[in-house]
Colleague: 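First the structure, which I've put down as structure tokens, then a few questions once you've had a look.
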Protein chains: 2
Amino acid sequence: MKVSTRFSDAIHILAFINIYHGKIPLTSDNIAGSVELSSVMVRKLMSTLKKAGLLETKSGASPDPRLAKPAEDISLLDIYLAVEKDKPLFEIDYDTNPQCIVGGNIQKTLEYYYQEAENAALAKLNHVSLADVIETILVKQKQKEAGIQK
Amino acid sequence: MKVSTRFSDAIHILAFINIYHGKIPLTSDNIAGSVELSSVMVRKLMSTLKKAGLLETKSGASPDPRLAKPAEDISLLDIYLAVEKDKPLFEIDYDTNPQCIVGGNIQKTLEYYYQEAENAALAKLNHVSLADVIETILVKQKQKEAGIQK
DNA sequence: TATTATTGTAATTTATATTTTTACAAATAT
DNA sequence: ATATTTGTAAAAATATAAATTACAATAATA
């Protein structure tokens, strides 16, 4: 399939809103111009983030979206779970021959080991806040402006 | 896109070969019957596993594929890297507006944090061997035969 | 109050990743 | 020799995500 960049784009949207709040009108069109996504996709993602309690938005003219809580209190895991729900990090093939010893037991076996790996990754995401991401973005921008290549 | 189950299927194939070696003819067609995958896909995956040094195969009639080393010495990470190569666990949207502070710096920022999370997951996979997986499958099969539901 | 800008959401279309199918030359056992 | 099977490529089918189109609902403002 097409590769999904929902998670990456959701972080982008929240960082953009936090950085540009009060500086430019935060319409879905302006945000879409930075993410280079259709404004409909931006609104869909924002709707999802709103339902997850990470974002507050308004309908109609002069919208003014803002983070529902401080960027320090939003972890990358919060954002990941908001947009990916229970999508597994490692996919399991559930369409196997149940008559076979392997085909009949591989799913539950892999579920266990995959879960361990997934938990380790999500725990790391839980230790990174949106504020960390924004700070890193701003540092990289200053480095760029100072002519420092990395 | 269609969801890829390459990793899951590759583990299945290796476990199947290990368990049924010497018991039934290990043709790609027989293996495909357990994985419920086309025999062409099975041969492709086996070809990939062979190139990665995990499997030994023969062409022609009476093929006799076998693990290239003991199942204890093959980790799930070895298999993952063989079939997924450098495919990232978390996708980054590289198509953003480079003129924007966020769009111009988000990729390198996320690469860093995503890498930490990915490494944590892959480290867990590195601690699980194909032998562990096979043992778990055989235990689950015995439980099933004993009428124990889990 | 009428007008304008924008959101929120659904339906359709398009793009693209993955698997399946088809095909066949090459390899090997019998 | 013949039959079986691999290894691999090309084309078709399938699945999922994003883009596009459309429009009613909402809210600012002239």
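In what follows, chains carry the letters A, B, and so on, assigned in the order in which the sequence lines appear, proteins first and then strands, with residues in each chain numbered from 1. Being a predicted model, the structure only gives us computed values, none of them experimental.
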Colleague: Write out a two-atom table: protein N or O, nucleotide N or O from nucleotides 27-30 of chain C, distance below 3.5 Å.
Modeller:
none

Colleague: The side chain of B:Val3 is closest to which nucleotide in this list: D:dT16, C:dT7, C:dT19?
Modeller: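 Nearest listed nucleotide: D:dT16.
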Colleague: Sub-3.5 Å donor-acceptor pair from the side chain of A:Thr96 to the main-chain atoms of A:Gly103, do we have one?
Modeller: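 Flag set: sc A:Thr96 to bb A:Gly103 pair under 3.5 Å.
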Colleague: With sequence neighbours left out, what residues match A:Arg43 under salt bridge (charged side-chain N to carboxylate O under 4.0 Å, His left out)?
Modeller: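 For A:Arg43 there are no salt bridge (charged side-chain N to carboxylate O under 4.0 Å, His left out) partners, ignoring immediate neighbours.
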Colleague: If every non-hydrogen atom of A:Tyr80 is compared with every non-hydrogen atom of A:Leu89, which pair is closest and at what distance?
Modeller: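 Smallest heavy-atom distance, with atoms named: OH-CD1, 3.6 Å.
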Colleague: Heavy-atom count around B:Lys144 NZ within 6.0 Å, excluding the residue itself: above 12?
Modeller: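 Atom NZ in B:Lys144 is packed in, count exceeds 12.
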Colleague: Which residues pass the salt bridge (charged side-chain N to carboxylate O under 4.0 Å, His left out) test with A:Glu111, sequence neighbours left out?
Modeller: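 Once residues adjacent in sequence are excluded, A:Glu111 has no partner under the salt bridge (charged side-chain N to carboxylate O under 4.0 Å, His left out) criterion.
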Colleague: Would you tabulate the side-chain donor-acceptor contacts of residues 10-23 of chain B under 3.5 Å, counting partners in other chains and residues two or more places apart, or write 'none'?
Modeller:
residue, atom, partner, partner atom, Å
B:His12, NE2, B:Ser34, OG, 2.8
B:His21, NE2, B:Asp64, OD1, 3.2
B:Lys23, NZ, B:Ile19, O, 3.3

Colleague: For residues 120-131 of chain B, which side-chain N or O atoms pair as donor and acceptor with protein atoms under 3.5 Å away, sequence neighbours left out?
Modeller:
residue, atom, partner, partner atom, Å
B:Asn126, OD1, B:Ser75, OG, 3.3
B:His127, ND1, B:Ala123, O, 3.1
B:Ser129, OG, B:Ala131, N, 3.3
B:Ser129, OG, B:Asp132, N, 3.0
B:Ser129, OG, B:Asp132, OD2, 3.3

Colleague: With distance as the sole test, does B:Asn30 use its side chain to make a donor-acceptor pair with the main-chain N or O of B:Leu26 at under 3.5 Å?
Modeller: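 The answer is no, because no donor-acceptor pair under 3.5 Å joins these two groups.
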Colleague: Please figure out whether B:Pro25 or B:Lys51 has its closest DNA chain D nucleotide nearer the 5' end.
Modeller: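 Upstream on the strand: B:Pro25.
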Colleague: Of all residues at least two apart in sequence or in a different chain, which pass the side chain to side chain donor-acceptor pair (under 3.5 Å) check with A:Lys50?
Modeller: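 Partners of A:Lys50 under the side chain to side chain donor-acceptor pair (under 3.5 Å) test: A:Thr57.
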Colleague: Within residues 29-39 of chain A, find the residues that approach DNA chain D with a heavy atom at under 4.0 Å, and present them sorted by residue number.
Modeller: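 A:Leu37, A:Ser38 - these, ordered by number, are the residues of the stretch whose heavy atoms sit under 4.0 Å from the strand.
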Colleague: Which residues in residues 13-22 of chain B have a heavy atom closer than 4.0 Å to any atom of DNA chain C?
Modeller: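 Those residues whose heavy atoms fall under 4.0 Å from DNA chain C, taken from residues 13-22 of chain B, amount to none.
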Colleague: Can you tell which of C:dT18, D:dG7, D:dT5 lies closest to the side chain of B:Thr27?
Modeller: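 Nearest to the side-chain atoms of B:Thr27, counting from C-beta on, is D:dT5.
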Colleague: For A:Glu116, which residues count as a side chain to side chain contact (heavy atoms under 4.5 Å, CB included) partner, sequence neighbours excluded?
Modeller: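 Per chain and number, A:Glu116 pairs via side chain to side chain contact (heavy atoms under 4.5 Å, CB included) with A:Tyr112.
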Colleague: Identify, with sequence neighbours excluded, every residue that meets side chain to side chain contact (heavy atoms under 4.5 Å, CB included) alongside A:Gln99.
Modeller: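 Scan of A:Gln99 (side chain to side chain contact (heavy atoms under 4.5 Å, CB included), adjacent residues dropped) gives A:Asn97.
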Colleague: Heavy-atom nearest nucleotide on DNA chain D for B:Met46 versus A:Asp9: which residue maps closer to 5'?
Modeller: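 Nearest-nucleotide comparison on DNA chain D picks B:Met46.
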Colleague: Ignoring hydrogens and angles, tell me if any N or O in the side chain of A:Ser8 forms a donor-acceptor pair with the backbone of B:Asp93 under 3.5 Å.
Modeller: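 Looks like yes, one N/O pair under 3.5 Å.
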Colleague: Would you list the protein and nucleotides 12-15 of chain C atom pairs, both N or O, that sit under 3.5 Å from each other?
Modeller:
none

Colleague: So, is A:Ser4 near the phosphate of D:dA18, with a side-chain N or O under 4.0 Å from OP1 or OP2?
Modeller: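 Yes.
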Colleague: Taking only residues two or more places apart in sequence, or in another chain, which ones meet B:Gln115 in a side chain to side chain contact (heavy atoms under 4.5 Å, CB included)?
Modeller: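 In terms of side chain to side chain contact (heavy atoms under 4.5 Å, CB included), with neighbours along the sequence ignored, B:Gln115 is linked to B:Glu118, B:Asn119.
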Colleague: How do A:Ser47 and B:Val40 order along DNA chain C: which one's closest nucleotide is nearer the 5' end?
Modeller: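 Taking each residue's closest nucleotide, the earlier one in sequence belongs to A:Ser47.
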Colleague: For B:Met41, report the nucleic acid contact type (base, sugar-phosphate, nothing); a contact means any heavy atom under 4.0 Å.
Modeller: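 Result for B:Met41 = base.
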